[in-house]
Amino acid sequence: MDAYAHWFYIGGVAVLLVVMAMRRNVIVPAVVATAVTAWAYTGSFFKGLAAPFNGLIVATTELLNIFLVLAVIGALTGAMRGMDIDARMLRPLVRFMRNGHVAFVVVFLASYLMSLVFWPTPTLAILAAVLIPAAIAAGLTRLGAAIAVALSGQGMALASDYVMGVAPGITATGGALDADVIADRALVLSWIVGVVAAALAYFVTSRGQLVVPERASIDRPREVVSAVSAGMTRKESDPLEAVKEESILSIGDGISYGERATSERQKRVMAILVPLAFLAMVVVLFLSRFTDLFAVLDEISGAALIGGVGFALLFAICFLSAAEPLEAVAENVVDGLVFAYKAMGAVLPVAGFVLMGVGDFSGTIMSLPEGSDAPAFLFDVIVAGQDHVPAWAPATCLALMVAGMLIGLDGSGWAGLPLIGSLSEALGPAAGVDPETLAAIGQNAASWTGGGTLVVWSSLIAVAGVTGVPVVELVRRLFIPVVSGLVVATLAAGVFF
């Protein structure tokens with residue numbers, strides 16, 4: 001039955017990919033594949049019946065940090081909308097991002113630089129509160145904003161993890177490899193993938209899908225400001241009102257427990273305080289990474305700090321503007337939680353099925369006794385195929401790329417990095433390729449896939465959630481650009497490294 005379980009699992013993965021390509025909901029095939037695989041492996045119908053629910057528990061636990069960041073940002077943006085802080089905060093940024101094309105570049109670069117230092121999830125919280133709404137108001141579509149953030153943060157920055165150095169260190173543990181060399185080569189490869197993917201995603205899909213033509217005029221920001229100053233109604237003159245109907249600002253209805261009279265000065269102060277608070281946190285995190293200042297932050301996750309800032313700002317807004325601040329805070333928190341559930345609920349069953357292919361989780365999902373050997377369906381397939389890779393440099397490089405992409409299907413991209421290191425050490429000498437180069441290729445592929453840009457059960461959920469784009473649609477748009485970039489980078493590595 002063990003062998004059949006492996007085939008059922010791989011067949012389930014193939015079915016999921018086909019269903020996603022057809023733009024259909026994947027919950028039913030994911031649940032069925034989870035149950036059938038567990039039944040085949042354990043030989044128990046009842047353990048198979050329980051496996052989908054166990055998978056939900058495991059997936060929820062693993063994705064909880066993403067869920068909570070989404071909830072806090074949802075609560076904060078709802079409160080900002082209730083006090084009309086969002087529009088006041090965004091108008092200066094609308095002046096700076098003259099059109100959707102400029103907005104795409106600004107969001108891409110900002111997301112990459114910040115994610116390189118603080119990782120994508122904490123960075124996304126900052127972008128969602130400040131930069132992404134301004135980019136959408138400037139003429140970048142929700143899809144364009146999602147693509148820019150996913151390629152730069154979840155893809156390019158995480159693939160090298162050059163500043164933090166966690167991924168190269170994990171990869172190097174799989175063999176006697178140099179983590180610094182892996183990091184240097186992974187950085188170059190991530191740039192190649194990022195440039196190719198961004199160019200393809202932008203130029204191929206930009207026609208009416210990434211940039212809104214009517215908001216792309218260079219005079220548009222000036223027209224907006226002039227119209228508002230002339231006394232026209234906000235709905236008639238301000239594109240931010242339209243943006244609210246289609247972006248992250250549509251979370252909840254804001255404070256509804258009665259509003260306290262607030263002056264223009266108070267609203268202006270809060271509109272300045274919100275971005276300054278996030279900027280201050282960025283500076284503090286930066287200093288903690290590269291100096292001895294704020295050393296205590298080494299024990300605290302960046303996502304937790306950003307969440308704490310979000311809560312503080314939520315309290316400040318509600319206590320300043322709501323007649324019943326305690327109730328207003330509670331309502332916005334509930335709105336944020338509902339928003340997070342809507343963004344992630346459909347993905348959890350799929351994540352449970354995929355995590356069943358990882359040895360760290362499969363035992364729990366299939367209700368195996370403690371201490372028993374848990375199968376790693378996904379990794380077993382990769383190991384079984386390594387003997388069939390020809391000792392030819394390009395083929396070996398492409399094989400490590402495919403192995404990395406398969407490992408990335410776990411939704412993190414890093415769980416199987418030690419396997420990438422061991423495969424690189426084993427295959428490199430026979431093919432005449434430096435093992436560190438192969439390790440960098442595999443690390444890039446795993447991170448781009450599961451970090452993620454190609455699977456719906458990764459942190460890509462958060463990107464889709466805060467931009468209001470269906471995550472399956474986002475994966476479909478990213479698939480060809482990212483895979484093309486990986487192939488180009490892999491072949492370049494085989495030639496130049």
Just to verify, what does [X] make a side-chain contact (heavy atoms from CB on, under 4.5 Å) with, not counting sequence neighbours?
X	value
Ser152	Phe108, Ser111, Tyr112
Ser160	Leu116, Tyr162, Ala186, Leu187, Ser190
Ala489	Leu189, Ile192, Val193
Leu406	Ile382, Val402, Leu409

### Query
Please walk me through it: do Trp448 and Met156 pass side-chain contact (heavy atoms from CB on, under 4.5 Å)?
CA-CA 7 Å; Trp448 274 95; Met156 196 162 65; 3.9 Å; yes

### Message
Please verify the inter-ring angle class for Phe104 with Tyr202; under 30° counts as parallel, over 60° as perpendicular, anything in between as tilted.
### Response
tilted

[atom1]-[atom2] distance between [X] and [Y], expressed to the nearest 0.5 angstrom:
X	Y	atom1	atom2	result
Leu355	Leu348	CG	CG	10.0 Å
Gln266	Leu320	CD	CG	4.5 Å
Leu143	Glu473	CG	CD	6.5 Å
Ser321	Lys267	OG	NZ	9.0 Å
Ile57	Thr61	CD1	OG1	7.5 Å

Nearest heavy-atom neighbours spanning [X] and [Y]:
X	Y	value
Ala201	Leu151	CB-CD1, 4.0 Å
Arg185	Ala440	CB-CB, 3.9 Å
Asn332	Cys318	ND2-SG, 3.6 Å
Ala148	Val107	CB-CG1, 3.9 Å
Ala159	Asn444	CB-OD1, 3.4 Å
Ala79	Ile317	O-CG2, 3.5 Å

Under 4.5 Å between any side-chain heavy atoms of [X] and [Y], yes or no?
X	Y	answer
Ile182	Asp178	no
Ile132	Thr467	yes
Asp161	Pro168	yes
Thr364	Phe361	no
Val196	Pro481	no
Thr449	Thr453	no

### Task
Kindly indicate, with the supporting measurements, whether the criterion side-chain contact (heavy atoms from CB on, under 4.5 Å) is fulfilled by Val333 and Phe311.
CA-CA 9 Å; Val333 169; Phe311 269 123; 4.2 Å; yes

### Query
Can you check side-chain contact (heavy atoms from CB on, under 4.5 Å) on Val350 and Val455, steps first, answer last?
CA-CA 10 Å; Val350 184; Val455 292; over 6 Å; no

### Enclosure of Ile480 CD1 (heavy-atom neighbours >12, cutoff 6.0 Å)
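Not buried by this count: 12 neighbours or fewer within 6.0 Å.
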
### Task
Determine, step by step, whether Val456 and Ile461 satisfy the side-chain contact (heavy atoms from CB on, under 4.5 Å) criterion, reporting the C-alpha distance in whole Å, the side-chain angles of both residues, the deciding distance to 0.1 Å, and the verdict.
CA-CA 6 Å; Val456 301; Ile461 308 165; 5.8 Å; no

### salt bridge (charged side-chain N to carboxylate O under 4.0 Å, His left out) contacts in which one or both residues fall within residues 455-468, not counting sequence neighbours
none

### Message
Please check this pair: side chain of Ser424 against backbone of Thr437, looking for a donor-acceptor N/O pair closer than 3.5 Å.
### Response
no

### Task
For Thr171 and Gln443, test the side chains for any donor-to-acceptor distance below 3.5 angstrom and give the result as yes or no.
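Side chains of Thr171 and Gln443: pair found under 3.5 Å.
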
